[in-house]
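One structure is given below, encoded as structure tokens.
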2 protein chains.
Amino acid sequence: MERSPTLSLRERQKEGRRARIIAAAKSLFVEAGLDNITIEAIAEIAGVSSVTVHNYYGTKSGVLLALVAESDRELLETLDKELTNQPDDLVDLLLRFFTIICDHTLTHLDKSVWRQVISASVDGREPRFNKLYRELDHKLASVLIREIEQLRAVGQLADSVNSTHLGWALFNLQNARFVEFIASDNKTRDQALHDLRNDLLALFTLVIPTC
Amino acid sequence: MERSPTLSLRERQKEGRRARIIAAAKSLFVEAGLDNITIEAIAEIAGVSSVTVHNYYGTKSGVLLALVAESDRELLETLDKELTNQPDDLVDLLLRFFTIICDHTLTHLDKSVWRQVISASVDGREPRFNKLYRELDHKLASVLIREIEQLRAVGQLADSVNSTHLGWALFNLQNARFVEFIASDNKTRDQALHDLRNDLLALFTLVIPTC
DNA sequence: CAAATTTTTTTAGTCCACTAAAAATTTTAC
DNA sequence: GTAAAATTTTTAGTGGACTAAAAAAATTTG
């Protein structure tokens, strides 16, 4: 799967340390909130010094970033697998899209950690975070746009619609509900799904005056 | 305006300290990012000890929270004043709503500080922040819903639309673009406005298959 | 005005992220 | 197998948020 056939001993060891660090971080992040965990603790479990963690990932957020990058890759794979089958209608498409994303996130880390991720993606202290998130959003929106174009090809949508703009609009709508889902411990996925459905129905039953 | 006619000397002094602290914080936040500023510096300008700042506002985010609360009050006033006049169409309504919000935020604090605000509203370290933001969102959405109901009353919208759901959907859509606007230093208000218009047009030119 | 009460400040300290540089260790290259 | 290079660890330190408690100052109350 990896492209490099021969890694020097040094490189392999580095890879191992990297892996141990993010594995340690993941296990700790899951059982306690981000700021109840010290770099020291991560380093100890990973069997390296805390300075090494800093050298590898820069900041504590940097460690989290690596975790998220991994999760993102998987999410895109999952979306590709589970979304391309049936070309049903637009509402169903978006609801399935939303469901996959919600379910995926919670299998990796819990809400409290994702809150920190979303928070870090916007606060700008760690520019890489912002970048990663913009890229992920772009990829996710692209998936949606692609599916919308398929719906149009099948005749489910008028040719007059702008798939790109519609895709971004729907992505943003869905993302708002996702953030709301993550931001509140009480909100279940099904509640969020319900809210999103209401959003879509309200928009789609809009009758244009000139019609 | 305030309900208490007679404040004891102690209460007045507290009020004064409070005011001095947030004034000091505001001036500092504007000229440097949130984490380049120390509580110590705020305290010094305000003429109190750093411990007093902690006692009053708990955390540095707490100070920021107080600033934002003030700004929120004004925003709601401005919206009430500038929105209730002409009942034009839905797109114009939302674009004006968006414009007012964007312009308002930048008159108070700059983007880098608002990033921290949005970030703090979701990260959950300071539950008050989350609460304040939910409340603000609720009030803003209510304004939108009220205006949508007016449009319906004038006949601009079909009676079949659910104003509440539509209001929330449009609020979320608009808010996504607002966050994007804040998150990027390069993005101008007009660009964001343009993107939002595209979102709306894409959604509204959707032709429902059964029509 | 004196005693009681409230509030702020001073003092002292903890914790942890993050950094720089010296020392130790390990891998590589010949 | 030894010298050179790379990398980690140890050590030591800074900065700043936040806290607890004692000391000082101010306000209120009779």
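Chain identifiers are assigned alphabetically (A, B, ...) following the order of the sequence lines, protein sequences preceding nucleic acid strands; residue numbering begins at 1 within each chain. Atom set for the values below is all heavy atoms of this structure, side chains included, hydrogens, waters and symmetry mates excluded.
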Between C:dA17 (C1') and A:D35 (CG): distance, integer Å: 12 Å
Nearest-Å distance for atom pair CG/C1', residues B:N36 and D:dG15: 13 Å
Touch class at under 4.0 angstrom, heavy-atom based, for A:S50 against every strand present: nothing
Whole-Å gap separating P (C:dT8) and OH (B:Y57): 12 Å
Nearest to side-chain heavy atoms of A:I39, which nucleotide of C:dC18, C:dT10, D:dT9: C:dC18
Rounded interatomic separation in angstrom, taking CD from B:Q116 and P from D:dA17: 13 Å
Among C:dT9, D:dC18, D:dT9, the one nearest B:N55 by side-chain distance: C:dT9
Selection from C:dA20, C:dA17, D:dC18 that lies nearest to any side-chain heavy atom of A:T38: C:dA17
Rounded interatomic separation in angstrom, taking CZ from B:R12 and P from C:dT6: 19 Å
First encountered from the 5' end of DNA chain C, between B:K14 and A:S61: B:K14
Exam field: side chain A:S142 to backbone A:H138, donor-acceptor pair closer than 3.5 Å: yes
Beyond-backbone contact of A:I101 with A:F181, side-chain heavy atoms, under 4.5 angstrom: no
Distance in angstrom units between A:R125 CZ and C:dA17 P, rounded: 14 Å
Residue met sooner reading DNA chain D from 5', once B:E40 and A:S49 are mapped to nucleotides: A:S49
Atom-pair distance (CD1 on B:I21; P on C:dT7), nearest Å: 15 Å
Sequence neighbours excluded - ring-ring contact (aromatic ring centres under 6.0 Å, His included) pairs with any residue from residues 39-79 of chain A: none
Within the sub-3.5 Å range, which N or O atoms of nucleotides 24-30 of chain C have a protein N or O partner, and how far apart are they?
{"unit_1": "C:dT26", "atom_1": "O2", "unit_2": "A:R10", "atom_2": "NH2", "d": "3.0"}
{"unit_1": "C:dT27", "atom_1": "OP1", "unit_2": "A:Q13", "atom_2": "NE2", "d": "2.8"}
{"unit_1": "C:dT27", "atom_1": "O2", "unit_2": "A:R10", "atom_2": "NH2", "d": "3.4"}
{"unit_1": "C:dT28", "atom_1": "OP1", "unit_2": "A:L9", "atom_2": "N", "d": "3.0"}
{"unit_1": "C:dT28", "atom_1": "OP1", "unit_2": "A:R10", "atom_2": "N", "d": "3.2"}

Short side-chain donor-acceptor distance under 3.5 Å, B:E70 and B:H108: no
Which nucleotide in D:dT10, D:dT19, D:dT8 has an atom nearest any side-chain atom of A:V51: D:dT10
Non-neighbouring partners of B:E44 that pass salt bridge (charged side-chain N to carboxylate O under 4.0 Å, His left out), sequence neighbours left out: none
Closest non-hydrogen atom pair between A:K187 and A:K111, with its separation: O-NZ, 2.7 Å
Nearest-Å distance for atom pair CD1/P, residues A:I42 and C:dC16: 12 Å
N/O donor-acceptor pair under 3.5 Å between A:N175 side chain and A:F178 backbone: no
Below 4.0 Å: OP1/OP2 of D:dC18 and any side-chain N or O of B:K60: no
C:dT7 OP1/OP2 closer than 4.0 Å to side-chain N/O of B:Y56: no
Donor-acceptor under 3.5 Å (A:Q191 side chain, A:T188 main chain): yes
Of the listed nucleotides D:dT8, C:dT8, C:dC18, the one nearest the side chain of A:H54: C:dC18
